[in-house]
Amino acid sequence: MLTAALGNDGVQPVGAALEAIASRRSIRAFRPDPVPRATIEQLLTLAGMAPSGSNIQPWNVHVVQGTKRRELSRVLLEAHDGGAEARPEYHYYPKVWRAPFLERRRKTGWLLYESLGIARGDREAAHAYRGTNYNFFGAPLGLIVTMGRDMEHGSWIDIGAFVQTLMIAARAFGLHTCAQAAFSNYGNLVRRTLGLDDNELVVCGVSIGHADLDHPANLARTPRAEIGCFTTFHWDEE
Ligand SMILES: Cc1cc2nc3c(=O)[nH]c(=O)nc-3n(C[C@H](O)[C@H](O)[C@H](O)COP(=O)(O)O)c2cc1C
C-alpha cells in the first residue's frame, strides 16, 4: 500500500519509486526550515538524469535562496500588487478553451479556493492568493528553470521530464515542491533581478521545502481522469 511518508531506509527501490510518484503533489504552503545546499545539489544531479532528445540536456537552473530569493520575491510581488501587466514568456494554455480541459481547470481552481475559504467571485482575495506564488509559497528556496529562446518544441518536453524527475526525487529527501509557471508572467523582471541573458526564456519556477501540511492551501487533492479517458489500446486479445 502506498503511504504519503517516504523515508530512505528500509524501502525497496521499486516501492520507493512508486511512493515518491504517488506522494508528489503541489504544495502551496511551506515551513521556513532551511534545506541544505548539498541536498539541492543531489536533487539537481538526479534531475539531470532525465532523458532528453539526443541527450542535449537543454535545461538551465537558477537556485534562489536567502538574499536573492527575498529580492526576487519582493520585485515580483511589487509588480503583481502594483498591477504591472503580466507578459507571459509563452502560451501555456490553448487560446480557446474546450471540454474537458476547461472543466478540469475550473474544478482545480475551485477546489483550491474552497479549501482557502476564498468565495467564488472574490477577485481581491484570489489576486492576493496568486501573489503568494512569488513568495515561493514560503519555501526557503526555489528554482528558476530557463532554456534558450532558440530551442524548439522538443526541448519543452525535455524540460518537463527534468522538472518532474526533480519533484519526484525531492520526495526521497522528505521534501515537497510546486512547479510554477507564474514566474514566466514576469520573465523580464526575473531576468533583470538575476542578471540573465535576454536569450534565457523563463520556463517556470519550482518551490522546494518542507510542507506545512496543516495549512488550508495543502488540504485540497486534485482528481485524475481514469485511464480510459486518455488511452486507446491497439491490443491483440489473447
Ligand atoms: C509546469 C507547471 C506549472 C505550474 N504552475 C503553477 C503555478 O504557477 N502556480 C500554482 O499554484 N500551481 C502551478 N502548477 C501546479 C498545478 O496546478 C498542479 O500540478 C495541478 O493542479 C495538479 O495537482 P498536483 O500537482 O497537486 O497533482 C503548475 C504545474 C506544472 C506542471
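In this chain, residues are counted from 1 in sequence order. Each ligand, and each atom within it, is numbered from 1 in the order the structure gives.
Not a single heavy atom of Arg130 sits less than 4.0 Å from an atom of ligand 1. Heavy atoms of Cys204 stay at 4.0 angstrom or farther from ligand 1. Remark: distances from the non-hydrogen atoms of Phe183 to ligand 1 are all 4.0 Å or more.
Polar contact with ligand 1: present for Arg28 (N/O pair, distance under 3.5 Å). Ligand 1 has an N or O atom lying under 3.5 Å from an N or O atom of Asn133, backbone or side chain. Close N/O approach between Arg224 and ligand 1 is found [any backbone or side-chain N/O within under 3.5 Å].
Counting heavy atoms closer than 4.0 Å to ligand 1, residue Arg221 contributes nothing at all. With a heavy-atom cut-off of 4.0 Å, Tyr134 does not touch ligand 1 at all.
Side-chain polar atoms of Asn135 and Arg69 form a donor-acceptor pair below 3.5 angstrom. Counting only N and O atoms by type, the side chains of Asn133 and Arg130 include no donor and acceptor under 3.5 Å apart.
Near Ser26, the atoms of ligand 1 lying under 4.0 angstrom from a non-hydrogen atom of the residue are 15 (C), 18 (C), 19 (O), 24 (P), 25 (O), 26 (O). Near Arg25, with a cut-off below 4.0 Å to any heavy atom, the atoms of ligand 1 are 26 (O). Under a 4.0 Å criterion applied to the non-hydrogen atoms of Cys178, ligand 1 contributes the atoms 12 (N). Numbered from 1 in the order shown, with element, the atoms of ligand 1 that lie under 4.0 Å from a heavy atom of Ala182 read 8 (O). If you number the atoms of ligand 1 from 1 as listed, the ones under 4.0 Å from a heavy atom of Phe137 come out as 11 (O). Using a 4.0 Å cut-off to heavy atoms of Thr108, the atoms of ligand 1 that qualify are 21 (O).
Tyr92 OH, 3.1 Å is the protein heavy atom nearest to atom 1 (C) of ligand 1. Protein heavy atom at the shortest distance from atom 23 (O) of ligand 1 is Thr222 OG1, 3.0 Å. Looking from atom 28 (C) of ligand 1 to the surrounding protein, the closest heavy atom is Ala179 O, 3.2 Å.
Closest approach of Leu46 and Ala169 over heavy atoms only: CD1-CB, 3.9 Å.
Taking a cutoff of 4.0 Å between a charged side-chain nitrogen and a carboxylate oxygen, Glu78 and Arg74 qualify as a salt bridge. Electrostatic pairing of Glu71 and Lys68 counts as a salt bridge here, judged by a charged N lying under 4.0 Å from a carboxylate O.
Follow the hydrophobic side-chain contacts under 4.5 Å out from Val202 and you never reach Met147; the two are in separate clusters.
For atom 20 (C) of ligand 1, the nearest protein heavy atom lies 4.0 Å or farther away.
In this structure, Arg171 contributes its side chain and Glu19 its backbone to no donor-acceptor pair below 3.5 Å. Within the 3.5 Å criterion, the main-chain N or O of Glu200 finds a donor-acceptor partner in the side chain of Arg191.
For the atom pair CZ of Arg224 and OG1 of Thr222, the computed distance is 4.0 Å after rounding to the nearest 0.5 Å.
Contacts of His80 classified as ring-ring contact (aromatic ring centres under 6.0 Å, His included), with partners at least two apart in sequence or in another chain: His127, Tyr134.
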Set out, in order, the CA-CA distance, both residues' side-chain angles and the distance that settles side chain to side chain contact (heavy atoms under 4.5 Å, CB included) for Ser184 and Tyr92, then state yes or no. CA-CA 10 Å; Ser184 79; Tyr92 196 115; over 6 Å; no

